[in-house]
Amino acid sequence: MSQPEQRRESSLKYQTRCVRCYPNGTGYALSSVEGRVAMEFFDLSEAGQSKKYAFKCHRKADAGRDIVYPVNAIAFHPIYGTFATGGCDGYVNVWDGNNKKRLYQYPKYAASVAALSFSRDGKLLAVASSYTFEEGDRDHEPDAIFIRSVNEVEVKPKPKVLPNAALPKV
């Protein structure tokens, strides 16, 4: 049996729900039940590892406290390299990982978002909405698959805005 090239511990504290490699092959994203996504890089050099980060998502403020939802799914857009996350809150968010910004949030689904996948050309997004038993056995909406048309504005990264100091003086 061959040994893996790398063995890593999760940078997230709680149960991992999804892992997806970047389309450009430089790293991977992973999500967890604690409402976080981590962006990791395969390059083990100090410079490569300095680029990794994690962020909170799929949360809702309610009566002064955060309600945290598991992040069940990650899908990378095949053209732009942006990515979508789906959570137990029923939302799909699209993120620009390079600029560390949310680009878009689709309307809420009736149940948890259990899985996501972009079509090869990036023009469609398949969304599986399914109760994932995060609240135990109870009545819930029936499972459903939704196929969405994807508009470029929802998934294309926005150009970085230069800070005021970098703007030319008029």
Side-chain angles (χ1 to χ4, degrees), residues 7-23 26-41 48-77 80-118 125-151 153-161 163-164:
R7 182 185 172 107
R8 304 250 186 126
E9 279 192 33
S10 173
S11 57
L12 301 176
K13 293 179 186 174
Y14 299 98
Q15 180 191 51
T16 299
R17 280 284 171 99
C18 185
V19 62
R20 292 287 180 267
C21 288
Y22 301 162
T26 61
Y28 60 94
L30 74 149
S31 68
S32 76
V33 297
E34 66 176 320
R36 287 182 174 268
V37 171
M39 307 304 283
E40 299 278 344
F41 294 86
Q49 292 302 294
S50 70
K51 296 186 288 186
K52 70 184 186 177
Y53 66 95
F55 64 96
K56 296 176 184 178
C57 53
H58 296 278
R59 292 163 184 257
K60 177 176 82 172
D62 186 37
R65 66 182 185 96
D66 265 353
I67 298 174
V68 179
Y69 297 93
V71 182
N72 299 322
I74 302 169
F76 281 92
H77 191 273
Y80 297 116
T82 54
F83 62 96
T85 59
C88 285
D89 58 355
Y91 285 103
V92 173
N93 294 308
V94 180
W95 305 90
D96 176 350
N98 292 329
N99 291 317
K100 300 179 182 175
K101 299 275 186 206
R102 184 171 71 184
L103 296 172
Y104 196 80
Q105 184 176 68
Y106 290 104
K108 186 175 180 167
Y109 290 91
S112 298
V113 175
L116 295 168
S117 184
F118 283 102
L125 176 63
V127 179
S129 177
S130 178
Y131 181 61
T132 57
F133 291 85
E134 61 276 1
E135 296 173 4
D137 195 11
R138 66 169 176 81
D139 287 341
H140 54 83
E141 293 292 322
D143 295 351
I145 305 295
F146 297 90
I147 309 299
R148 302 190 61 94
S149 290
V150 175
N151 294 318
V153 70
E154 299 165 355
V155 295
K156 185 176 182 180
K158 293 173 179 50
K160 279 193 173 182
V161 177
N164 288 338

How about Tyr14: does its OH atom have over 12 heavy atoms from other parts shown lying under 6.0 Å from it?
no
Rounded to the nearest 0.5 Å, how far does [atom2] of [Y] lie from [atom1] of [X]?
{"X": "Leu30", "Y": "Glu40", "atom1": "CG", "atom2": "CD", "result": "6.0 Å"}
{"X": "Thr85", "Y": "Leu116", "atom1": "OG1", "atom2": "CG", "result": "7.5 Å"}
{"X": "Asn99", "Y": "Lys158", "atom1": "CG", "atom2": "NZ", "result": "10.0 Å"}
{"X": "Ser112", "Y": "Asp89", "atom1": "OG", "atom2": "CG", "result": "8.0 Å"}
{"X": "Ile74", "Y": "Asn93", "atom1": "CD1", "atom2": "CG", "result": "12.0 Å"}
{"X": "Arg59", "Y": "Arg36", "atom1": "CZ", "atom2": "CZ", "result": "6.0 Å"}

For [X] against [Y], the heavy-atom pair lying closest together:
{"X": "Leu12", "Y": "Ser31", "answer": "CD1-C, 3.9 Å"}
{"X": "Tyr131", "Y": "Asp143", "answer": "N-OD1, 3.9 Å"}
{"X": "Val113", "Y": "Asn72", "answer": "O-ND2, 3.0 Å"}
{"X": "Ala126", "Y": "Ile147", "answer": "CB-CD1, 3.7 Å"}
{"X": "Ala114", "Y": "Ala73", "answer": "O-CB, 4.0 Å"}
{"X": "His58", "Y": "Tyr91", "answer": "CE1-O, 3.2 Å"}

The single option from Trp95, Phe118, Tyr104 that satisfies ring-ring contact (aromatic ring centres under 6.0 Å, His included) with His77 is Phe118
Handout entry: Pair Phe83 and Tyr22, ring centroids less than 6.0 Å apart
Key = no
Salt bridge (Lys or Arg N to Asp or Glu O under 4.0 Å) filter on Glu154, not counting sequence neighbours, yields none
For Arg17, the salt bridge (Lys or Arg N to Asp or Glu O under 4.0 Å) test, sequence neighbours excluded, returns none
Check: Is the backbone of Lys101 close enough, under 3.5 Å, to the side chain of Asp96 for a donor and an acceptor to pair up by distance?
Finding: no
- With a 4.5 Å limit on heavy-atom distance, are the side chains of Asn98 and Tyr80 in contact? no
side-chain contact (heavy atoms from CB on, under 4.5 Å) assessment of Val71 paired with Cys18: CA-CA 8 Å; Val71 182; Cys18 185; over 6 Å; no
Should the pair Lys100 and Phe55 be classed as cation-pi, given the thresholds of under 6.0 Å to the six-membered ring centre and 45° from the axis? no
Is it the case that the side chains of Ser129 and Glu141 hold a donor-acceptor pair, with the cut-off being a distance below 3.5 Å and no angle test? no
